[in-house]
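Reading through the structure tokens given below for one structure.
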Amino acid sequence: MTESTWTRKDLLGIAQLEPSEIELILDSAQTFLEVARRPIKKVPTLRGKTVVNLFFEPSTRTRSSFEIAEKRLSADSLNFSSSSSALVKGETLIDTALNLQAMAPDLVVIRHGHPGVPQMLAERIEAGVINAGDGAHEHPTQALLDALTIRQHKGRLAGLTVAIIGDIEHSRVVRSNIHLLTKMGATVRVAGPRTMMPAFVERLGVEVAYTLEEAIAGADVVMMLRIQLERQGKKLFPSVREYFQLFGLTRERLKAARRGAIVMHPGPMNRGVEIASDVADGSSSVILEQVANGVAVRMAVLYLLSGMHREAA
Ligand code: CP
């Protein structure tokens, strides 16, 4: 696939994407990385386009990364937070969306606690919709930035073994990563406490391990997940200390991974819970590279969905 054959209006999840579309986004992001190295970090690519950022859940990385990506592309951005909007006066999300649509934005970036909200929005408004995380469903731009980071270090995705450890049940990051990595030919091995493992997880096409050691043995990539305390209805492990003893990544445990393995985390990190500080800050960690790549991935997604590649052709 090339830019000229990209026709999607929305990015709702990785599940809908073809491998060739994933490749195109990653290749495009790789070229946008160069903008961050310029003295003036701005290109006119989305001049005249309007992007609305709707965040109904807290975010540090995703929100600021989209905002920086929009600014670097010269788009006009509107940042909308649920607490300062008419939603607190009882307006429905659909009415809010239709009112925003009346102002003719070109793209809407949305994070929401309920799975399926970006899809519902995409079906009702003309603007392109980008899912910035919907409940425990998908977080497509996170998986794309993870893939870009892995590709930069390992040169490929196919044939790699990626161990993902932690709260598999409540993580939208893991769902999007499973879709992406398996589509691109990697082996995904998941591990976590049984109380945090979805039923029939094998049906997602992954290998399942129940100990950290088993999961990371020979892995090329070790991806640690945050414990999603806010999405758990009840306490799913006895104590933080016990969780770290069983599933926390330490330098000693990392030795079981393949030589040169990289350590990833989508953030925000719970140091001393899922990952030891010396691993998070150590030479195998690519956590801050993930954040840097996030801006380039979001620039690529905004560019492709904006249709500007067709106008330029
Ligand atoms: N990785 C991620 O989604 O982080 P934020 O919640 O800070 O956006």
Side-chain angles (χ1 to χ4, degrees), residues 11-15 25-26 29 51-72 77 79-83 107-118 129-150 152 162 164-181 190 192 196 221-232 249 262-271 273-275 279-281 285-302:
L11 177 64
L12 302 176
I14 301 293
I25 297 171
L26 298 183
V51 184
V52 176
N53 300 308
L54 289 173
F55 278 73
F56 293 92
E57 277 194 330
S59 168
T60 300
R61 279 143 291 268
T62 311
R63 183 176 182 147
S64 49
S65 178
F66 268 111
E67 285 181 31
I68 290 173
E70 290 152 18
K71 285 178 173 41
R72 289 196 178 155
S77 303
N79 298 312
F80 172 100
S81 93
S82 52
S83 59
L107 291 164
V108 174
V109 178
I110 181 163
R111 169 170 286 192
H112 201 282
H114 288 280
V117 166
V129 174
I130 302 172
N131 180 1
D134 60 333
H137 176 225
E138 280 232 34
H139 192 351
T141 56
Q142 179 68 45
L144 287 160
L145 73 88
D146 291 340
L148 182 64
T149 311
I150 296 171
Q152 286 165 352
V162 180
I164 308 181
I165 293 132
D167 187 352
I168 307 297
E169 168 91 53
H170 299 93
S171 173
R172 54 195 174 207
V173 173
V174 78
R175 253 166 214 81
S176 290
N177 262 297
I178 289 173
H179 286 308
L180 191 153
L181 293 165
V190 296
M196 295 180 183
V221 177
V222 181
M223 189 182 294
M224 304 306 292
L225 298 175
R226 182 172 72 89
I227 297 300
Q228 308 248 333
L229 295 167
E230 75 276 21
R231 293 194 208 287
Q232 293 178 11
L249 185 64
I262 55 171
V263 174
M264 307 180 78
H265 193 301
M269 263 187 295
N270 297 306
R271 289 173 184 260
V273 180
E274 65 259 4
I275 189 165
V279 178
D281 303 328
S285 170
V286 296
I287 294 168
L288 294 178
E289 290 174 46
Q290 291 173 259
V291 178
N293 283 333
V295 176
V297 158
R298 284 155 186 143
M299 287 172 83
V301 169
L302 289 161

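Counting starts at 1 for both ligands and their atoms, following the listed order.
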From CA spacing to verdict: salt bridge (Lys or Arg N to Asp or Glu O under 4.0 Å), D134, R175: CA-CA 11 Å; D134 60 333; R175 253 166 214 81; over 6 Å; no

Any R111 heavy atom less than 4.0 Å from ligand 1: yes

R61 N/O to ligand 1 N/O under 3.5 Å: yes

P266-ligand 1 polar pair, N/O distance under 3.5 Å: yes

No-hydrogen, no-angle side-chain donor-acceptor test under 3.5 Å, Q142 and D146: yes

Ligand 1 contacted by G133 (non-hydrogen, < 4.0 Å): no

Closest heavy-atom pair and its distance - M299, R72: CE-CB, 3.7 Å

Atom indices of ligand 1 within 4.0 angstrom of T60 heavy atoms, with elements: 5 (P), 7 (O), 8 (O)

Side-chain donor/acceptor of R172 to backbone N/O of G135, under 3.5 Å: yes

Distance from atom 2 (C) of ligand 1 to nearest protein heavy atom, with residue and atom: T62 OG1, 3.5 Å

Per-atom contacts, ligand 1 versus G267 - under 4.0 Å to a heavy atom: 1 (N), 2 (C), 4 (O)

Heavy-atom closest pair, residues A280 and S285: O-OG, 2.8 Å

Shortest non-hydrogen contact from I227 toward N270: N-ND2, 3.6 Å

